[in-house]
*Asks:* 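Have a look at the structure that comes next, please.
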Amino acid sequence: MQAPSVGGVLLPRGNGAAVRLRRGSSLTDFAEKINANPASLVQVMLNLGEMVTATQSVPDATLQLLADEMNYVLEIVSPEEEDRELLESFDIEFGEDEGGEEELVSRPPVVTVMGHVDHGKTRLLDAIRKTNVVAGEAGGITQHIGAYQVAAEVNGEERKITFIDTPGHEAFTAMRARGAKSTDIAILVVAANDGVMPQTIEALNHAKAAGVPIVVAVNKIDVEGADPVKVRGQLTEFGLVAEEYGGDTMFVDISAKQGLHIDSLLEAVVLTADASLDLRANPEQDAQGIAIEAHLDRGRGAVATVLVQRGTLRIGDTMVVGDAYGRVRAMLDDRGNTLEEAGPSTPVMVLGLTNVPGAGDNFLVVDDDRTARQIAEKRAARERNAAFARKGVRFSLENLDEALQAGLVQQLNLIIKGDASGSVEALESSLMQLDVGAEVDLRILHRGVGAVTESDINLASGSDAIVIGFNVRAEGRATQLAEREGVDVRYYSVIYQVIDEIEAALKGMLKPEYEEVELGTAEIRDVFRSSKLGNIAGVLIRSGEVKRNTKARLLRDGKVIAENLNIEGLRRFKDDVTEIREGYEGGINLGSYNDIKVDDVIATYEMREKPRG
């Protein structure tokens with residue numbers, strides 16, 4: 001195969017050499033790797049039918065196309081791998097306990113509650129809280145922290161268990177999957193009266209994919225029609241065999257509403273952890289873990305709930321959480337108490353970050369603010385490039401002019417603001433999965449946590465975007481600015497409502513489809529010649545009606561001999577008219593078209609918009 005050449009200059013051929021690029025790289029990044037001129041790679045892409053600038057972030061598929069053409073083997077560095085390499089450049093190891101076996105101490109199990117909607121997940125979490133948390137101390141703080149720790153007595157010994165409160169909403173599947181990955185054990189809640197449902201299987205698959213042991217809580221045993229034995233039989237089909245049937249999965253019959261057997265469930269969690277897992281961590285190293293939730297508090301700024309997985313987090317530590325960083329100013333537990341330090345498996349609310357991180361972002365403690373800022377900035381740049389590559393609109397040369405002229409490619413721009421990063425992320429994920437065909441593109445220009453600000457309105461104004469506020473409102477002068485700039489700001493509190501309305505809007509942006517509707521036919525009985533108007537057809541309207549300024553075609557002996565004609569003049573006797581009905585005679589002028597004969601038929605029609613199904 002000949003190496004590609006541009007303008008007679010032979011480009012370097014890879015001969016199967018590997019090129020490693022991060023996700024969202026540009027042609028300039030590719031050119032640096034192979035010691036080529038970026039402009040020449042732009043020309044290669046043009047020859048391949050792709051219009052790409054040298055500096056824009058491009059999708060993996062475009063990079064692969066270029067690599068194949070240049071005979072290179074492309075290796076796309078995954079975000080996880082790239083992050084590991086970034087941390088290694090700062091001599092930081094993430095995800096491993098430092099020191100030897102003697103430095104590891106046991107830690108509480110981290111548990112996620114999963115299951116089908118309406119099977120009692122939230123009620124169970126409330127029951128556990130009431131059983132273990134002093135009344136009045138948790139309140140709204142527990143609700144928003146998204147994680148809390150409880151104590152259970154097992155064999156006369158007090159054992160702690162950490163619960164992560166992930167949303168059970170169907171649209172939050174991605175968060176729920178991440179919740180399972182950050183946990184040690186999953187409690188699968190199944191209603192005894194309903195049995196196994198679609199989301200039960202979905203949750204089960206997430207837990208299996210994360211490789212975590214499962215404890216089944218058979219809820220609603222106090223409800224009429226409850227059949228816990230049936231639930232055990234159904235779950236056997238999915239590989240969860242109860243201990244009483246010779247399997248290794250613990251089933252506990254409970255009633256979250258009545259508070260029945262909650263202690264037995266907590267005991268089952270501890271026993272499963274002891275039997276299946278070696279839960280130990282080094283509390284002496286720098287803290288590392290995961291962000292469970294984050295939001296913007298008007299008084300306290302960016303607030304993140306983090307789960308310490310190893311090490312001990314202390315007030316004054318400098319930490320990086322995703323692309324946010326800062327010094328820990330204060331830490332609160334799920335009861336709202338101030339903490340000085342938090343060991344492994346402890347969830348805490350952290351104050352002092354520069355901005356709101358994403359749910360599921362990793363956090364780590366570093367030596368100084370400068371290192372933290374550099375790591376955060378590089379992560380932010382990487383995310384930005386990947387987002388541009390993922391969401392950019394791509395055209396090929398074959399359809400670029402056609403698409404632009406016909407307006408076939410349209411784009412709905414959105415700005416999403418929400419009360420918590422998990423909600424925003426889940427909403428974005430759901431919206432990006434909407435599919436209404438290739439004609440319309442959905443692009444999320446910005447997403448963030450907190451109230452809708454003037455900055456959001458300015459961005460929306462400059463890019464014709466719609467602002468979505470999910471469980472938040474506009475602050476300050478943002479509302480007045482939106483009214484002045486004509487920016488559409490919509491507020492929602494139910495995720496499905498957002499999805500339904502945006503889907504309807506996207507379908508409304510689809511180019512209308514037209515169909516031809518026949519209006520009437522006229523038979524030419526005579527032809528009159530006019531020096532001013534050309535040939536005029538004397539006609540008898542055979543069917544329907546003929547209207548002025550409508551489209552027409554001319555048929556001779558049943559064959560179409562002229563298309564796309566216009567009914568420019570219509571007369572009855574000496575009067576100009578707008579229409580002539582069936583059975584009446586009149587005169588028709590087809591403008592500059594004069595090739596008409598007696599017995600020809602003029603068929604008129606109009607294009608009407610087809611309603612979409």
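Nothing here was measured: the structure is a model prediction, and the numbers come from that model. Just so you know, these numbers use all the heavy atoms, side chains as well, and skip hydrogens, waters and symmetry mates.
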*Asks:* Is the backbone of Gln497 close enough, under 3.5 Å, to the side chain of Asp500 for a donor and an acceptor to pair up by distance?
*Replies:* no
*Asks:* What's the separation between atom CZ in Arg548 and atom OG1 in Thr578, rounded to the nearest 0.5 Å?
*Replies:* 6.5 Å
*Asks:* Would you say the side-chain atoms of Gln64 and Asp68 include a donor-acceptor pair closer than 3.5 Å?
*Replies:* yes
*Asks:* Less than 4.5 Å apart, side chain to side chain, heavy atoms only: is that true for Arg525 and Val539?
*Replies:* no
*Asks:* Does Asp600 reach the side chain of Lys597, with side-chain heavy atoms less than 4.5 Å apart?
*Replies:* yes
*Asks:* Ion pair present between Arg379 and Glu377, side-chain N to carboxylate O less than 4.0 angstrom?
*Replies:* no
*Asks:* Looking only at the side chains, is there a donor atom on one of Ser543 and Thr521 sitting less than 3.5 Å from an acceptor on the other?
*Replies:* yes
*Asks:* Check the pair Ile536, Val527 against side-chain contact (heavy atoms from CB on, under 4.5 Å), reporting the backbone distance first and the verdict last.
*Replies:* CA-CA 6 Å; Ile536 295 172; Val527 178; over 6 Å; no
*Asks:* From Leu296 CG over to Leu353 CG, what is the distance, rounded to the nearest 0.5 angstrom?
*Replies:* 11.0 Å
*Asks:* Does Ser429 reach the main-chain N or O of Ala426 with its side chain, forming a donor-acceptor pair under 3.5 Å?
*Replies:* no
*Asks:* Okay, side chain of Thr550, backbone of Thr604: is any donor-acceptor separation there less than 3.5 Å?
*Replies:* no
*Asks:* Would you give the length of the straight line joining atom CG of Leu63 to atom CG of Leu41, rounded to the nearest 0.5 angstrom?
*Replies:* 10.5 Å
*Asks:* If you define the side chain from C-beta out and look only at heavy atoms, does anything of Ile567 sit under 4.5 Å from Ile602?
*Replies:* yes
*Asks:* How long is the straight-line distance from CD1 of Ile541 back to CD1 of Ile588, given to the nearest 0.5 Å?
*Replies:* 5.0 Å
*Asks:* Are Arg581 and Glu579 ion-paired here, with the side-chain N under 4.0 Å from a carboxylate O?
*Replies:* yes
*Asks:* Which atom pair, heavy atoms only, marks the closest approach of Ala324 to Thr354?
*Replies:* CA-OG1, 4.0 Å
*Asks:* Say whether, by atom type as modelled, one donor and one acceptor occur between the side chain of Asp194 and the main chain of Ala191 under 3.5 angstrom.
*Replies:* no
*Asks:* Quick one: closest heavy-atom pair of Val487 and Ala460, and the distance?
*Replies:* CG1-CB, 3.7 Å
*Asks:* Are Arg473 and Tyr491 side-chain neighbours, meaning at least one heavy-atom pair lies under 4.5 Å?
*Replies:* yes
*Asks:* How about Tyr584: does its OH atom have over 12 heavy atoms from other parts shown lying under 6.0 Å from it?
*Replies:* no
*Asks:* Taking side chain as C-beta onward, heavy atoms only, is Ile468 less than 4.5 Å from Tyr492?
*Replies:* yes
*Asks:* Any salt bridge between Asp488 and Arg490, counting N to O under 4.0 Å?
*Replies:* yes
*Asks:* Of the non-hydrogen atoms in Ala376 and Tyr325, which two are nearest, and what is the gap between them?
*Replies:* CB-CD2, 3.6 Å
*Asks:* One thing to verify: whether Arg556 and Asp595 come together as a salt bridge, which I'm taking to mean a side-chain N less than 4.0 angstrom from a carboxylate O.
*Replies:* yes
*Asks:* In the structure I gave you, are the side-chain heavy atoms of Val560 and Leu554 within less than 4.5 Å of one another anywhere?
*Replies:* no
*Asks:* Is any NZ, NE, NH1 or NH2 atom of the basic residue among Glu85 and Arg20 found under 4.0 Å from an Asp or Glu carboxylate oxygen of the other?
*Replies:* yes
*Asks:* Quick check on salt bridge (Lys or Arg N to Asp or Glu O under 4.0 Å): which of Glu523, Glu518, Glu585, Glu582 does Arg542 satisfy it with?
*Replies:* Glu523
*Asks:* Checking the side chain of Gln56 only, and the main-chain atoms of Thr53 only, is there a donor and an acceptor separated by less than 3.5 Å?
*Replies:* yes
*Asks:* Counting only N and O atoms by type, is there a donor-acceptor contact under 3.5 Å from the side chain of Asn458 to the main-chain atoms of Glu454?
*Replies:* yes
*Asks:* Using atom types as modelled and distance alone, determine if a side-chain donor or acceptor of Ser423 lies under 3.5 Å from a backbone N or O of Asp419.
*Replies:* no
*Asks:* Sort and list the pairs that fulfil salt bridge (Lys or Arg N to Asp or Glu O under 4.0 Å) and have at least one residue in residues 29-42, not counting sequence neighbours.
*Replies:* Arg22-Asp29
*Asks:* Could you state the interatomic distance from CG (Asp456) to CD1 (Ile416), rounded to the nearest 0.5 Å?
*Replies:* 11.5 Å
*Asks:* As a quick check of understanding, evaluate side-chain contact (heavy atoms from CB on, under 4.5 Å) for Met45 and Thr62, giving each step before the final call.
*Replies:* CA-CA 9 Å; Met45 293 308 299; Thr62 304; 3.5 Å; yes
*Asks:* Determine whether a donor-acceptor pair (N or O, by modelled atom type, separation under 3.5 Å) exists between the side chain of Asn535 and the backbone of Asn594.
*Replies:* yes
*Asks:* Short question: side chain of Glu293, backbone of Gly422 - any donor-acceptor pair under 3.5 Å?
*Replies:* yes
*Asks:* When you look at CG of Asp557, are more than 12 heavy atoms from neighbouring residues, nucleotides or ligands closer to it than 6.0 Å?
*Replies:* no
*Asks:* Over all heavy atoms of both residues, which pair between Gly448 and Val424 is shortest? Give the atoms and the distance, please.
*Replies:* O-CG2, 3.5 Å
*Asks:* Please examine the side chains of Ile415 and Arg447, heavy atoms only from C-beta on, and report whether any two atoms are closer than 4.5 Å.
*Replies:* no
*Asks:* Is any side-chain heavy atom of Glu568 less than 4.5 Å from a side-chain heavy atom of Asn549?
*Replies:* no
*Asks:* Search all heavy atoms of Ala304 against all heavy atoms of Pro357 and return the closest pair with its distance.
*Replies:* CB-CG, 4.0 Å
*Asks:* Apply the test side-chain contact (heavy atoms from CB on, under 4.5 Å) to residues Leu570 and Val546: give CA-CA distance (whole Å), side-chain angles for both, the deciding distance (0.1 Å), then the verdict.
*Replies:* CA-CA 9 Å; Leu570 205 56; Val546 174; 4.1 Å; yes
*Asks:* Glu606 and Leu519: side-chain contact (heavy atoms from CB on, under 4.5 Å), yes or no, with the steps?
*Replies:* CA-CA 7 Å; Glu606 68 180 5; Leu519 297 176; 4.0 Å; yes
*Asks:* Just by modelled atom types, is the Gln480 backbone N or O under 3.5 Å from a matching donor or acceptor in the Arg477 side chain?
*Replies:* no
*Asks:* Roughly how far apart are Leu74 CG and Ser25 OG, rounded to 0.5 Å?
*Replies:* 8.5 Å
*Asks:* Work out which heavy atom in Phe470 is nearest to a heavy atom in Val494; give both atom names and the distance.
*Replies:* CE1-C, 3.7 Å
